[in-house]
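One structure below.
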Amino acid sequence: MSTPVDRASIGLRSARGPVLGALMLSTGLIAIDATILATAVPSIVDDLGSYQQFPWLFSVYLLAQAVSVPIYSRFADTIGRKPVILLGIGLFLLGSILCGIAWSMPALIVFRIVQGLGAGAVAPMAMTIVGDIYTVAERAKVQGYIASVWAISSVVGPALGGLFAQLDAWRWIFFVNIPLCLIAGWMLLRKYTEKKQTQRHRIDYPGAVLLTIGLTGLILGMLEGGNAGDWISLPSALCFGIGVLALALFVVVERRAAEPIVDLRLAARPLILTTTIVSLGVGALMTGVTSFAPAYLEGSIGIAPLLAGLAVAALTLGWPVSAANAGRLYLRIGFRRTALIGMSITSVAAIALAASAPWPNPYTIALIAFVFGFGLGWTAAPTLIAAQASVGWGERGAVTGMNAFARSAGSAVGVAIFGAISNAVIARGAGPDDPATIIDASTWVFVAAAVAAVLTLVAAAFMPRDRVEARSGEAGSGE
């Protein structure tokens, strides 16, 4: 039987409450950023130009986040979680200020890299600290608190993004992060004292460089193929060739490294492998829909950015609603069954989104997006906690980092693939100002998302069967 959990012992008024509050605020930084930018894309393009380059605003951010997560995770297992998350908040603050003063689309894209490097520390460290200070059973309840952050951000983010866009003040999308960063950093500095189990680690810099080159080559090839040049051309061949070669060398280096940046030996464990693949799919699905759906509604039927944002916000509202209750479910029926239920719901919603795309309607999108997010909420949390619960303190940072890396990499590559599909259809059509062309391009993007959802469901089906009850009383190792 699972260990009973006293809600008062994990609430904001408990001994660990101040730390939980700081983690919630830190998570809020990433949660708001996940939804606030998409609604303002048309306004940013009007000001800075280059519609074809807008997917880069998401891809470079997610790429920087993806490649930095494993490095931060290694540092976290060496020097502790606190210094790493504070560094991440500082970089996110710097990136937000730079993005707010960007003078061109290339400059904004570069500054998004700085933001992504900050997010690469904040997101996984918040999850790792939760894994350190709460047991598996307690984490089921803590998910409700973390989910509330996403619920609030899912409304606040798109609403602020749409409002700033309509007021022609899109730069405040980034400036709004400044007070949040300062408060989150101060709270963690004052309230969080960790009990480190310090270990000596060597950072695998060659692996990090090869991973960065490999992912950058593939993403550059996908986003610029058919846009800056033909798909079958020397530039495309160089991008994809360098990307594939770098990733192949990365695998070789990781197998020989004493402490690889992405420990492929962890992936030899069936539970870690399958949950990592599921995280790849979750990242691609989440970012793909939230990045393209607002532009789809605004470009097809001319809906106001604020309303487009609120329609898509239903996705990030459905996520925390289910995540808040996922703990009760996976403690009763297991991680695998919960993830299967979640991905089944997401797959049905993704297919419905693709089927309804030729007839754009904000109410239809809102309903489907809510169900879509509801399914993802029952998938993301159980797979992460299943992976965390299978290891001890010394590997928890690496495992959490691998999960976060997979989600970020899936997001970056997913946005690149969806962007390549969108750009290809728009190039054959009447351009980005033609509503019919936008509808056609978005339909194919949503079809690709439906395929990704079904493949992620298959991956979830291969998760090992589990008995959560056996681990539900596992004690955290940090305070």
Side-chain angles (χ1 to χ4, degrees), residues 2 127 136 139-140 143 147 262-289 315 318-319 321-355 368-391 399-400 402-411 413-414 417-418 446-472:
S2 60
M127 293 187 291
V136 173
R139 272 174 257 166
Q143 282 299 321
V262 176
D263 194 346
L264 299 179
R265 289 166 293 191
L266 286 175
R269 305 175 191 176
L271 177 62
I272 304 298
L273 176 61
T274 51
T275 53
T276 299
I277 294 174
V278 171
S279 292
L280 277 168
V282 169
L285 291 167
M286 176 71 175
T287 310
V289 173
L315 184 151
W319 182 312
V321 168
S322 58
N325 296 286
R328 297 173 186 164
L329 191 62
Y330 65 64
L331 287 176
R332 180 172 299 177
I333 67 173
F335 295 121
R336 177 179 176 273
R337 290 180 180 177
T338 305
L340 279 174
I341 292 173
M343 276 314 305
S344 297
I345 295 172
T346 300
S347 298
V348 171
I351 293 170
L353 181 62
I368 294 175
F370 180 85
V371 177
F372 191 96
F374 190 85
L376 289 179
W378 269 0
T379 304
T383 50
L384 169 62
I385 295 174
Q388 286 182 330
S390 68
V391 298
V399 167
T400 306
M402 179 175 285
N403 186 282
F405 162 76
R407 189 182 300 184
S408 298
S411 297
V413 174
I417 293 173
F418 297 148
F446 297 150
V447 167
V451 173
V454 173
L455 292 176
T456 307
L457 172 61
V458 173
F462 280 93
M463 285 179 62
R465 298 180 185 276
D466 57 90
R467 291 183 64 237
V468 182
E469 293 83 357
R471 297 191 298 269
S472 60

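Position 1 is the first residue of the sequence; numbering continues from there.
- Between the OG1 atom in Thr338 and the CG atom in Leu329 there is a gap of 4.0 Å [rounded to 0.5 Å].
- Residues meeting the side-chain contact (heavy atoms from CB on, under 4.5 Å) test with Leu280, sequence neighbours left out: Ala406, Ala409.
- The minimum heavy-atom distance between Ala386 and Leu271, with the atom names listed, is O-CD2, 3.5 Å.
- Taking CZ of Phe372 as the reference point, atom CE of Met286 lies at 9.0 Å (rounded to 0.5 Å).
- Contact record, Ala350 with Ala453: CB-CB, 3.9 Å, taken as the closest heavy-atom pair.
- The closest side-chain heavy-atom distance from Ser279 to Leu384 is not below 4.5 Å.
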Check step by step if side chain to side chain contact (heavy atoms under 4.5 Å, CB included) holds for Ile333 and Ile341. CA-CA 11 Å; Ile333 67 173; Ile341 292 173; 3.9 Å; yes
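- A pairwise comparison of heavy atoms in Pro382 and Phe335 identifies O-CD2, 3.3 Å as the closest pair.
- Contact between Gly373 and Ser322 at its shortest, heavy atoms only, is O-OG, 4.0 Å.
- Among residues two or more places apart in sequence or in another chain, the side-chain contact (heavy atoms from CB on, under 4.5 Å) test is passed with Ala284 by none.
- Closest heavy-atom contact between Ala460 and Arg336: O-CG, 4.1 Å.
- Residues Thr276 and Asn403 are not in side-chain contact: their nearest non-hydrogen atoms beyond the backbone lie 4.5 Å or more apart.
- Heavy atoms only, all atoms of each residue included: Val371 and Ala349 are closest at CG1-CB, 4.0 Å.
- Qualifying side-chain contact (heavy atoms from CB on, under 4.5 Å) partners for Ala459, counting only residues two or more places apart in sequence or in other chains: Ile277, Val278.
- Rounding to the nearest 0.5 Å gives a distance of 9.5 Å between CG of Leu455 and CE of Met343.
- A side chain to side chain contact (heavy atoms under 4.5 Å, CB included) with Thr379 holds for exactly one of Leu285, Val282, Ile345; it is Val282.
- One finds the CD1 atom of Ile272 at 10.5 Å from the OG1 atom of Thr383 (value rounded to the nearest 0.5 Å).
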